[in-house]
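The next block holds one structure in the form of structure tokens; read it before the comments.
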Amino acid sequence: MSTISNELFLLNELEKKYSTHISYLKDISYNPTGKRDFIEIDFKSLHFDKVPAFYSDKYENSQSNSADTLIYDYSNNFLYLIEFKESWPRDKSDASSEIRLKCYDSIAKLCLFWVNILEKPRKEFFDLNINYCLITRLKNENSHPSALIALNSTKQVFQLKMLENTFVNQTNILVTPTGIYKLLSRITRVPNMIYTKKNGTKLISF
């Protein structure tokens, strides 16, 4: 009898309990303020930001912030916490704290579920392989390719580097359609993606 990893087990249990919060990535990445689409891919995942934190006294906190979704990568046995920012944050200082807070709250929410709902040992939770990824775009989508490539690989933007090897294994920020497609097509195992630019133009696959 084959067994699944703890990472996949955790995600499966979350999706079973909160099946009403499973949505297409198009809906999860949608910007309701700007009323703009961002990423469209034929894949459904847990809208993790809608999942409550479950305390030991059975109280459900539905006000906690967290990343937008959680996807399991079968190729390397990692859970990816993914935060979508359809537009580049205006105030990078405030955004840095907000984006890191979403990671902290996501890990806390996952750990509370692991301990209080699944009744698993807390120490086992911290052996899970979890990455945190911010998917966004620059204010100017026509920036020089070299600048985009540099941002695609840096971990200093929004001070995400300070999260590595603490709450999560690795962090990343993706800002190019190609970079976003490379990650999402791998972890969703869906070969086609639509990227909607701010002006409404759609880029189909890459």
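Starting from 1, each residue takes its place in the sequence as its number. For the numbers below, each heavy atom of this structure counts, side chains included, while hydrogens, waters and symmetry mates do not.
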Would a distance-only check, ignoring hydrogens and angles, find a side-chain to backbone donor-acceptor pair under 3.5 Å from Trp114 to Pro121?
yes
Does the side chain of Lys202 reach to within under 4.5 Å of the side chain of Asp37, using non-hydrogen atoms?
yes
What do the steps show when you test Ile99 against Tyr132 for side chain to side chain contact (heavy atoms under 4.5 Å, CB included), and what is the final call?
CA-CA 10 Å; Ile99 290 167; Tyr132 181 56; 3.4 Å; yes
Can you pull the ring-ring contact (aromatic ring centres under 6.0 Å, His included) pairs that have at least one residue in residues 3-27, sequence neighbours excluded?
none
Hey, would you say the Tyr195 and Tyr181 ring centroids sit under 6.0 Å apart?
no
Mark yes or no for whether Glu164, through its side chain, and Thr171, through its backbone, hold a donor-acceptor pair below 3.5 Å.
yes
Least distance between heavy atoms, Asp42 atom then Val190 atom:
O-CG2, 3.5 Å
Taking all atoms of both residues into account, what is the closest heavy-atom pair of Ile180 and Val175, and its distance?
CD1-C, 4.4 Å
Is a side-chain donor-acceptor pair under 3.5 Å present for Tyr72 with Ser5?
yes
When rounded to the nearest 0.5 angstrom, what is the spacing between CG in Leu25 and CD1 in Ile194?
12.5 Å
Residues at least two apart in sequence or cross-chain that pass ring-ring contact (aromatic ring centres under 6.0 Å, His included) with Tyr30, listed by chain then number, are none
Looking only at the side chains, is there a donor atom on one of Lys102 and Ser66 sitting less than 3.5 Å from an acceptor on the other?
no
Taking the side chain as every heavy atom from C-beta outward, state whether Glu7 and Asn77 have any atom pair closer than 4.5 Å.
yes
The test is side chain to side chain contact (heavy atoms under 4.5 Å, CB included); show your working for Phe43 and Leu184 and say whether it passes.
CA-CA 10 Å; Phe43 183 82; Leu184 291 183; over 6 Å; no
What verdict does the side chain to side chain contact (heavy atoms under 4.5 Å, CB included) test give for Thr196 and Glu40, after you've listed the backbone C-alpha separation in whole Å, the side-chain angles of each residue and the deciding distance to 0.1 Å?
CA-CA 8 Å; Thr196 303; Glu40 185 174 349; 5.6 Å; no
Whether Ser23 side chain and His47 backbone form a donor-acceptor pair below 3.5 Å:
no
Test item: Lys120 side-chain N/O and Leu10 main-chain N/O as donor-acceptor pair under 3.5 Å:
no
Please report the closest heavy-atom contact between Arg122 and Cys111, naming both atoms and the distance.
CG-SG, 4.0 Å
d(Ile71 CD1, Leu81 CG) to nearest 0.5 Å is 10.0 Å
Checking side chain to side chain contact (heavy atoms under 4.5 Å, CB included) for the pair Asn172/Asn131: CA distance, chi angles, key distance, verdict?
CA-CA 8 Å; Asn172 206 354; Asn131 288 343; over 6 Å; no
Salt bridge (Lys or Arg N to Asp or Glu O under 4.0 Å) against Glu15, all qualifying residues, sequence neighbours excluded:
none
Mind checking whether Ile135 and Ser29 have side chains closer than 4.5 Å, heavy atoms only?
no
Can you tell if the side chain of Phe113 reaches within under 4.5 Å of the side chain of Val51, non-hydrogen atoms only?
no
Residues Ser75 and Arg186: closest non-hydrogen pair is OG-NE, 3.4 Å
Nearest heavy-atom neighbours spanning Pro177 and Met193
O-CE, 3.8 Å
Side chains of Asn76 and Asn129: does their closest heavy-atom pair fall under 4.5 Å?
no
Keeping the roles fixed (side chain from Glu86, backbone from Phe38), state whether a donor-acceptor pair exists under 3.5 Å.
no
Tell me if a side-chain donor or acceptor on Asp49 pairs with a main-chain N or O of Ala67 at a distance below 3.5 Å.
no
Leu70 side, atom CG; Ile130 side, atom CD1 - distance, nearest 0.5 Å
7.5 Å
Tell me whether Asp68 contacts the main-chain N or O of Ile28 through its side chain, where contact means a donor paired with an acceptor under 3.5 Å.
no
Kindly say whether Ala53 contributes a backbone atom to a donor-acceptor pair with the side chain of Asn61 at under 3.5 angstrom?
no
Out of curiosity, Leu110 CG to Phe48 CZ, how far, rounded to the nearest 0.5 Å?
4.0 Å
For Ser45 and Thr69, indicate whether the former's side chain and the latter's backbone hold a donor-acceptor pair under 3.5 Å.
no
Measuring only between side-chain heavy atoms, which start at C-beta, is Ile173 closer than 4.5 Å to Thr136?
yes
Does Glu83 reach the side chain of Ser106, with side-chain heavy atoms less than 4.5 Å apart?
no
Phe125 to Ile107 - nearest heavy-atom pair and separation
CZ-O, 3.6 Å
Close side-chain approach of Ile4 to Asn12, heavy-atom, < 4.5 Å:
yes
If I take atom OG1 from residue Thr188 and atom CD1 from residue Ile41, how far apart are they, to the nearest 0.5 angstrom?
3.5 Å
Nearest 0.5 Å, please: how far is CG in Asp73 from CG in Leu8?
11.0 Å
